[in-house]
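Written below as structure tokens is the structure these notes are about.
Proteins come first, then strands; the chains are lettered A, B, ... in the order of their sequence lines, and each starts at number 1.
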There are 2 protein chains.
Amino acid sequence: MSMVALTPRSERLLKALIEQYIVEGQPVGSRSLVKQASLEFSPATVRNIMADLEEMGLIRSPHTSAGRVPTELGYRLFVNTLLTSQPLEAVDIRDLEEQLPSHQDPQHLIEAASGLLSQVTKLAGVVRVPRRAHSGFLQLEFLNLSAHRVLVILVTQGGQVLNRVIQPKRRYSSAELQEAANMFNSAYAGRSFEEVRRSLVRALEQDSEAMQKLMRSAVEMAHEVFGESAEGDPLVVSGEANLLAFPELSDREKLKRLFDAFNAKQDLLSLLDQSMAVGGIQIFIGGESGYESLEPCSVVTAPYEVDGKIVGTLGVVGPTRMSYNRVISIVDVTARLLSGALTHHAGHGTNDA
Amino acid sequence: MSMVALTPRSERLLKALIEQYIVEGQPVGSRSLVKQASLEFSPATVRNIMADLEEMGLIRSPHTSAGRVPTELGYRLFVNTLLTSQPLEAVDIRDLEEQLPSHQDPQHLIEAASGLLSQVTKLAGVVRVPRRAHSGFLQLEFLNLSAHRVLVILVTQGGQVLNRVIQPKRRYSSAELQEAANMFNSAYAGRSFEEVRRSLVRALEQDSEAMQKLMRSAVEMAHEVFGESAEGDPLVVSGEANLLAFPELSDREKLKRLFDAFNAKQDLLSLLDQSMAVGGIQIFIGGESGYESLEPCSVVTAPYEVDGKIVGTLGVVGPTRMSYNRVISIVDVTARLLSGALTHHAGHGTNDA
DNA sequence: CTTAGCACTCCACCTTTAGGAGTGCCAGAC
DNA sequence: GTCTGGCACTCCTAAAGGTGGAGTGCTAAG
């Protein structure tokens, strides 16, 4: 593991090796590497260099007499410094653009983005949906369903719609509900969710007699909905089945864990949130993510924005041996497109009622 | 394949054989069957009977000298006439009940039901969500998002909320939108979706000058939303990963197809719709479903109701070798529970505004 | 009609055996 | 020095036997 700097030649060799391995998925030997990358030195020389690279921990042999395979460290070096990020083909970009119609509500857009990611990378796509806390509150609506069941509809400035059925203690007439909603809306429209929430908590604590009964009920109902803010299923995953195609993930045990991770979503959520905080494209190679279930995988993420503010993250999950080159471009472009599509219509909500 | 009626003895034997195969998952031979089911005759006799059963197409040998395995026909006979459907354990029922809280909105209930199915059967659970066409229309709401973007919120009598962003040609003030919604609601509240749709089509065709401009816009907007009725993603699937645990599904090719089917959902949808039309518990064994992707699987479905009307279907997908016994009970109970939970609050919507 | 016995079949598992791909190292060439 | 050809060695893979067990079908006797 002596950390002598790499010579240009060994860099070039490492790059060629990783690229070949990504394509073929099998340990690459000196002879085939020379041929494939049309190097001007002999297999023996390549072997010497490979030995050095192995000593540095960048590649390894699965066993004595197989070719070499990149280690996580090798991949890391590769993506950090060796990657020639050729831009996506124009065709691909057009393809992506076409399939992300900018006139849609956020939910559809997000699902479309996830589907796109998985479709064009042939891997699994994930999108972390915007957290409500960062978005503004636009309007609240109460609606009687039956005797003791009120449907609360909450609209964010982004056009997201949340709804929940609550069971208030007493019965309200539709007129009462209407009035309550009006009062609530005029008090809070346009505020951020955190603001509204804090304000609600304060209002409930005060228990002031001054507050009208009706307003108080409205606040209570609203609080019930806002209280659930953290819930929901703010992660869209698609194309998990694509991962079945990779022989390196065929291990039943690993596969099960991986799919469970997709199902539980918890690890992925943490990972995406973590990478949202950092901003910019992030690449987690193998165990770097820190989650055992994702250990045989790499994850490439990029944040997306609404009105210049980062609100979520999207990404791709695939085997460590993925075409980082291509995937990075795709994730990048998709993030931009989604940002554009979302920003386009997240304009100042007009609530001039 | 001579269709001589089975003797009681061969029935009993078939039953024992299938039950053992379901548990062990391996071809069962005469000797082990005698031991396991403590039969009072000898392996040789069993072999004779087995030969008969094989001739009838109820069982088969994977190869010359393996035990016997049920055929689809065998399973069919088994579930049709041999199944001793012992009721679920009280514990299990309580478990199910607890996890299906009856005070929830439909969407949550449905997701919970799907999760429950997969969780307690350790297979994949699916729920076909109610088709809007069968439900009533309760209320429509228009909301300005930005200059040319209007959020349309549609509430069904069941408490389901649908929303979509549309882009009308001209800009409307919030007051206009409010008025339009009011007019629309008073005209259509409580009608069935099909009625409303037909009426909308008629209204648009007439192109009557008599109709107010505003009302016309409202109708157009509403039509856009109603027109999309068929869309959406009316199928909830959970626990696909559970199927990874079954060795008989380990075939990479089959597995891929199966997961693709879960992803595309089209086959499953058709199957569920088909079984909704029939009503009652339905069991599709292997290829019976008619969908190649589901060929190595069996599907058990039951419809669920709201207010006594069948509105959807739920079910379980697993390997042909599943504990039909148990799965049927679970599907049945879950359907009942879901019906109950949904019916409980699908009362007459009060829209006395 | 049932059963014990027996010959036979076929798979699953293990071992063996090549064959090949690749390495490491050394000694000579540039 | 650095590169290269050569060579012995390692280890995997795939195919080729070999063995044992589980199971069957058949037959002949109870």
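Residues passing the side-chain hydrogen bond (donor to acceptor under 3.5 Å, both in side chains) test with Thr334(B): none are found, sequence neighbours excluded. In this structure, the side-chain hydrogen bond (donor to acceptor under 3.5 Å, both in side chains) partners of Ser61(A), at least two apart in sequence or on a different chain, are Arg68(A). In this structure Glu40(A) satisfies the side-chain hydrogen bond (donor to acceptor under 3.5 Å, both in side chains) test together with Arg12(A), sequence neighbours excluded.
Legend: salt bridge (Lys or Arg N to Asp or Glu O under 4.0 Å) pairs involving residues 20-34 of chain B, not counting sequence neighbours: none detected. A ring-ring contact (aromatic ring centres under 6.0 Å, His included) check over residues 313-334 of chain A, counting only residues at least two apart or in different chains, returns the pairs Tyr75(A)-Tyr324(A). Residues in residues 115-125 of chain A take part in no salt bridge (Lys or Arg N to Asp or Glu O under 4.0 Å) pair, two or more places apart or across chains. Pairs of residues two or more places apart, or lying in two chains, never qualify as salt bridge (Lys or Arg N to Asp or Glu O under 4.0 Å) while including a residue from residues 41-52 of chain A.
A heavy-atom distance below 4.0 Å to DNA chain D is reached by none of the residues of residues 17-26 of chain A. The stretch residues 34-53 of chain A touches DNA chain C through Arg47(A), Met50(A), each having a heavy atom under 4.0 angstrom from the strand.
As judged by a 4.0 angstrom heavy-atom cut-off over every strand, Ser30(B) is placed among residues touching the sugar-phosphate backbone only.
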When you check every protein heavy atom under 4.0 Å of nucleotides 11-18 of chain C, what one-letter string (B, S, -) results, 5' to 3'? S-------
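Here the side chains of Pro319(A) and Leu123(A) are in contact, with some heavy-atom distance below 4.5 Å. Residues Leu258(B) and Lys254(B) have side chains not in contact (no heavy-atom distance under 4.5 Å, counting atoms from C-beta outward). In this structure the side chain of Val300(A) reaches within 4.5 angstrom of the side chain of Met322(A), judged on heavy atoms.
When the C1' atom of dA21(C) is taken as reference, atom CG of Leu33(A) falls 15 Å away, rounded to whole Å.
Taking the six-membered ring for Trp and the full ring otherwise, the centers of Phe78(A) and Tyr21(A) sit at least 6.0 Å from each other.
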Using the side-chain contact (heavy atoms from CB on, under 4.5 Å) rule, take Leu6(B) and Leu77(B) through it: C-alpha gap first, then chi angles, then the decisive distance, then the call. CA-CA 11 Å; Leu6(B) 270 66; Leu77(B) 183 67; 3.8 Å; yes
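The shortest heavy-atom contact between Ser289(A) and Leu271(A) is CB-CD1, 3.8 Å.
Between the side chains of Gln20(B) and Ser32(B), a donor-acceptor pair is found at a separation under 3.5 Å.
Summarising the local packing, CD of Glu248(A) is surrounded by more than 12 heavy atoms from other residues, nucleotides or ligands at distances under 6.0 Å.
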Please write out the pairs of protein N or O atoms and N or O atoms of nucleotides 28-30 of chain C separated by less than 3.5 Å, giving the distance to one decimal.
none

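Here the range on DNA chain D touched by chain A, meaning any atom under 4.0 Å from one of its heavy atoms, is dC3(D) to dC12(D).
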